[in-house]
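All remarks here apply to the structure that follows.
Predicted model, so just to flag it, every value in this text is computed and none were measured. First listed ligand is number 1; within each ligand, the first listed atom is number 1. One is the number of the first residue; the rest follow in order along the sequence.
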Amino acid sequence: MSSVKPHRKISVADIRLRKGGEPIVCLTAYNAMMAEILDPHVDVLLVGDSVGTVLHGHDTTIPVTLDEMLFHSKSVARASATSLLVVDLPFGTYEANAASAFETASRVLKETGADAVKLEGGVTQADTIRFLVQRGVPVMAHVGLRPQAVRATGGYRIVGKTDEECEMLRADADAVAEAGAFAVVLEGVVEPLARELTERIDIPTIGIGASPACDGQILVTEDMLGMFARTPKFVRRFAQLRETIDAAIAEYAGAVRAREFPSDAEVYANDNGR
Ligand code: KIV
């Protein structure tokens with residue numbers, strides 16, 4: 001199987017066709033600088049509402065506003081050339097009814113240039129997903145551990161440990177696929193169930209803390225780059241940037257305090273060359 005992404009812009013239809021095929025590579029981005037680095041490597045860039053915890057210092061994603069999502073999404077859109085750009089609908093902007101979801105989603109698509117939206121929920125959001133899809137809004141669903149629901153579920157719990165949870169998750173996966181979502185994120189789902197759901201439904205599953213059998217994988221970029229002091233079990237640190245940044249900042253601080261920075265080579269001479 002090829003591991004190089006095409007040079008043209010990836011569409012929702014391309015992602016849909018990857019069911020059971022070449023794994024779909026997804027990462028989060030919140031600004032143009034990161035998007036520019038990621039874009040040549042990934043199939044999907046997600047402006048996740050994890051921006052609230054990663055960049056804004058919140059404990060959960062619940063306080064994230066639509067204005068914040070629009071702001072970050074516009075920045076990412078400026079630097080993403082070939083990836084499919086998906087934007088999270090933040091908590092409180094789509095759950096009440098399908099019309100409010102359409103209002104939010106249409107703002108996201110019109111104002112940011114995003115290709116699709118993502119929303120959390122299975123059976124309970126199926127009618128909204130259908131409503132959006134029928135009106136031209138491509139939807140990526142998100143089931144399993146739903147960070148926007150942690151107040152109701154009692155925390156960041158892995159899902160699928162009991163028969164009852166497995167049945168609920170099967171129903172959620174079936175519902176979002178049937179409603180027309182083009183893909184679904186499976187977050188924090190026990191491995192055998194994530195594998196089973198991937199075989200069960202005919203849309204791509206994107207795993208995070210789920211299974212290598214999923215049709216694609218997503219991580220929060222700052223997690224996989226090792227920018228946090230601690231990361232959950234499902235995160236592999238592909239770099240140790242926290243340590244790298246810490247060492248660089250310590251070196252800079254030392255150089256400034258010793259008046260060793262800037263050096264002669266790092267300052268500008270006047271017109272006489274002095
Ligand atoms: O908000 C987010 O970043 C997400 C992904 C981690 C799936 O929803």
Side-chain angles (χ1 to χ4, degrees), residues 15 23-31 34-35 38 42-66 68-73 75-76 80 83-95 104-105 108 112 114-122 125 129 138-150 153 156-159 169 172-173 176 181-189 194 197-198 203-211 214-225 227-228 231-238:
I15 297 297
I24 303 161
V25 181
C26 318
L27 281 172
T28 58
Y30 314 124
N31 61 45
M34 189 62 88
L38 304 185
V42 303
D43 301 305
V44 175
L45 277 176
L46 171 70
V47 185
D49 60 353
S50 52
V51 69
T53 52
V54 176
L55 291 195
H56 295 283
H58 295 300
D59 286 344
T60 72
T61 57
I62 293 166
V64 175
T65 66
L66 180 57
E68 286 167 343
M69 293 304 296
L70 295 172
F71 173 83
H72 288 287
S73 303
S75 176
V76 171
S80 58
S83 311
L84 186 81
L85 180 56
V86 182
V87 172
D88 263 339
L89 301 188
F91 178 71
T93 67
Y94 65 94
E95 301 90 333
T104 306
V108 169
T112 71
D115 301 302
V117 300
K118 177 165 82 59
L119 58 81
E120 295 183 13
Q125 291 300 327
I129 293 172
V139 178
M140 178 181 278
H142 182 151
V143 302
L145 192 167
R146 290 177 294 116
Q148 294 178 4
V150 290
T153 56
Y156 295 89
R157 286 183 47 257
I158 301 303
V159 183
L169 209 47
D172 282 340
V176 299
F182 72 89
V184 57
V185 169
L186 303 181
E187 177 165 358
V189 176
L197 295 176
T198 299
I203 59 171
T205 59
I206 311 293
I208 173 163
S211 168
C214 289
D215 300 295
Q217 300 293 330
I218 186 162
L219 285 173
V220 168
T221 300
E222 287 75 2
D223 269 342
M224 56 82 78
L225 290 178
M227 295 181 76
F228 287 103
T231 40
K233 168 187 162 90
F234 64 83
V235 173
R236 184 183 300 176
R237 288 166 155 249
F238 288 84

Taking the side chain as C-beta and beyond, is there a heavy-atom pair between [X] and [Y] under 4.5 Å?
X: V54; Y: F228; result: yes
X: L84; Y: L45; result: no
X: P90; Y: L66; result: yes

*Hey, is the main chain of T65 close enough, under 3.5 Å, to the side chain of E68 for a donor-acceptor pair?*
yes
Which of the atoms of ligand 1 are close to [X], meaning less than 4.0 Å from one of its heavy atoms?
X: G48; value: 1 (O), 2 (C), 3 (O)
X: D88; value: 1 (O), 2 (C), 8 (O)
X: T28; value: 3 (O)
X: I208; value: 6 (C)

min-distance protein heavy atom vs atom 5 (C) of ligand 1 -> L46 CD2, 3.6 Å
Of all protein heavy atoms, the one nearest atom 2 (C) of ligand 1 is S50 OG, 3.2 Å
Original post:
What do the steps show when you test S50 against Y30 for side chain to side chain donor-acceptor pair (under 3.5 Å), and what is the final call?
Top reply: CA-CA 9 Å; S50 52; Y30 314 124; 2.6 Å; yes
**Prompt:** Polar-atom distance check: E187 versus ligand 1, any N or O pair below 3.5 Å?
**Reply:** no
Before signing off on this row, confirm whether K118 and ligand 1 have an N or O atom pair separated by under 3.5 Å.
yes
One should read off an interatomic distance between I24 CD1 and T205 OG1, to the nearest 0.5 angstrom, of 8.0 Å
